[in-house]
Amino acid sequence: MSDLAETDRGPSPRAVTVGQIFGAFLLIGATSFGGSVVAYLEASLVGKRRWVGDETFVELLSISQTLPGLNATNLAILVGDRLRGTPGAIAALCGICLPGALLMYVVGMTFHAFGDRPLVTAMLRGVAAAAVGLILVTTLQMGRKSLHGLVDLVFVALAVIGVSTLHLSVLTVLLGVGALAIFWHRPRRERQGSSQ
Amino acid sequence: MNQVPSLLRVFAYLSLLTVGGGMAAFPELQTLAVNVHHWLTAQQLVQLYSVEQMAPGPKMMMIVSIGQWAAGFAGAAAVLVAFLLPTSVLAFFIGRLWTRLERWPWRASIQRGLAPVSIGLLSAGFLTVARVALTGVVTVIITVVVSAILLRSRANPALVVLGGALVGLVALR
């Protein structure tokens with residue numbers, strides 16, 4: 001946290017140019033095949049380039065996960081801003097999104113043209129079934145990291161029931177169960193003991 | 001009919017729901033893109049998302065394909081801006097405020113409270129995808145095998161998903 005405070009204002013100890021930021025994020029955007037992009041960001045920004053410290057990265061990741069928005073794009077904004085202010089944030093965001101967006105533009109057009117051929121459909125159905133497994137494992141791993149105790153499981157269950165069974169809108173569930181969970185974990189006075 | 005205004009509205013709204021990850025907004029994405037606006041079918045949506053698991057970069061860039069189908073290049077650009085701008089601006093300003101919020105006791109409460117809710121939303125997104133993708137015994141077997149491989153090894157998920165395509169080619173024709 002002290003690490004964050006130090007790098008919070010002004011450029012980082014080593015001045016990084018906007019071009020370098022764009023280049024680094026473009027490379028991650030183009031090569032992060034498989035698994036979470038966050039892991040690739042960590043390897044590049046903390047490991048290889050040493051643009052951010054370990055603690056700062058963890059702190060910025062936790063902000064990214066709390067806020068709406070994709071974790072990878074939020075992280076790009078936060079890291080880019082810390083390295084080079086507003087231009088750095090814009091460069092990082094554009095860099096990380098551009099390769100995937102261009103690729104999906106082309107994939108989308110191809111999909112539209114050939115998606116209903118029987119052989120292609122067979123492959124796509126296999127891919128979709130495999131993706132279900134990937135989403136399941138990703139969700140399980142995230143849950144194992146961030147859930148603590150029975151009450152968290154209750155909030156998970158409430159959110160799932162709200163969206164999947166009652167078919168409430170995600171916004172309603174986010175605001176409703178979110179408010180409930182935040183209130184449950186509300187700040188307590190010292191004498192009542194910490195909720196953590 | 002010009003779809004660009006609808007695309008802007010829908011994807012700006014969806015972006016604000018992605019707490020914890022893009023998958024959190026998936027049930028709403030399906031409702032709006034498939035049932036309300038008929039930009040694509042539920043199968044196509046799930047397949048696009050799944051194909052993207054083999055692509056690099058942040059997942060959910062497949063929304064670009066939806067924009068392209070609905071309104072060509074303008075649609076793709078509109079979707080991308082609408083989906084990225086609101087949350088990026090928010091992250092930018094909250095990021096700058098964050099250290100100052102450290103003494104605000106509710107900061108920890110919000111983080112602590114939203115964590116399980118986001119896992120719940122991701123799980124609901126998972127169920128939405130599973131309902132569409134799991135159509136028979138073969139697909140269920142693929143899901144189970146893929147889950148086991150990913151849980152027990154450090155195999156690259158992109159390659160494992162690619163393996164699903166090959167199995168599909170042989171067994172789902």
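Hydrogens, waters and symmetry mates are skipped; everything else that's a heavy atom, side chains included, is used. These numbers come from a predicted model, not from an experiment. Within every chain, numbering begins at 1; the chains are lettered A, B, ... in the order of the sequence lines, protein sequences first and strands thereafter.
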By a 4.5 Å heavy-atom criterion (distance strictly below it), what part of [X] contacts chain A: side chain, backbone, both, or neither?
X        : answer
B:Thr31  : neither
B:Thr128 : neither
B:Leu121 : both
B:Ile110 : both
B:Gln44  : both
B:Met23  : side chain
B:Ala148 : neither
B:Val161 : both

Using only non-hydrogen atoms and a strict under-4.5 angstrom cutoff, which residues of residues 73-87 of chain B touch chain A?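 Residues B:Phe73, B:Ala76, B:Leu80, B:Phe83, B:Leu84, B:Thr87 are the ones that qualify, each having a heavy atom under 4.5 Å from chain A.
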Do [X] side-chain atoms and [Y] backbone N/O form a donor-acceptor pair below 3.5 Å?
X        : Y        : result
B:Ser147 : A:Val137 : no
B:Gln47  : A:Ala128 : no
B:Asn156 : A:Phe33  : yes
A:Ser32  : B:Pro56  : no
B:Trp69  : A:Gly108 : yes

If I take atom [atom1] from residue [X] and atom [atom2] from residue [Y], how far apart are they, to the nearest 0.5 angstrom?
X        : Y        : atom1 : atom2 : result
B:Ile119 : A:Leu153 : CD1   : CG    : 10.5 Å
B:Leu150 : A:Leu140 : CG    : CG    : 11.0 Å
A:Thr138 : B:Phe126 : OG1   : CZ    : 10.5 Å
B:Tyr13  : A:Leu171 : OH    : CG    : 4.5 Å

Would you mind reporting whether [Y] and [X] have side-chain heavy atoms less than 4.5 Å apart?
X        : Y        : value
A:Leu134 : B:Val160 : no
B:Val19  : A:Leu67  : no
B:Trp98  : A:Leu78  : no
A:Val127 : B:Met54  : yes

**Item:** Residue pair A:Arg125 / B:Thr139, side-chain donor-acceptor N/O under 3.5 Å
**Value:**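 No, because no side-chain N or O of A:Arg125 sits under 3.5 Å from a partner of the opposite role on B:Thr139.
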Do B:Ser118 and A:Gln65 meet the criterion of a side-chain donor-acceptor pair at a distance under 3.5 Å?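 B:Ser118 vs A:Gln65: no donor-acceptor pair found between side chains.
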task: Heavy atoms only, distances under 4.5 angstrom: which of B:Ala130, B:Ser65, B:Ser15 has the most pairs with chain A? Name it, please.
output: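 Option with the top pair count is B:Ser65.
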_Can you tell me which of B:Ser50, B:Pro27, B:Ala25 forms the most heavy-atom pairs within a distance under 4.5 Å of chain A?_
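Highest number of pairs under 4.5 Å: B:Ser50.
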Per-residue contact mode, [X] against chain B (heavy atom under 4.5 angstrom):
X        : result
A:Val156 : both
A:Ile96  : both
A:Leu147 : side chain
A:Ser36  : neither
A:His167 : side chain
A:Phe25  : neither
A:Ser169 : both
A:Ala30  : backbone

Which heavy atom of B:Thr143 sits nearest a heavy atom of A:Gly133, and at what distance?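 Distance-wise, the nearest heavy atoms are CG2-N, 3.6 Å.
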Mind listing the closest non-hydrogen atom pair of B:Leu114 and A:Gly178 along with its distance?
->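 Looking at all heavy atoms of both residues, the closest pair is CD2-CA, 4.3 Å.
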_Taking salt bridge (charged side-chain N to carboxylate O under 4.0 Å, His left out) as the cut-off, I'd like each qualifying pair that reaches into residues 144-158 of chain A, sequence neighbours left out, listed once._
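Listed by first then second residue: A:Asp152-B:Arg112.
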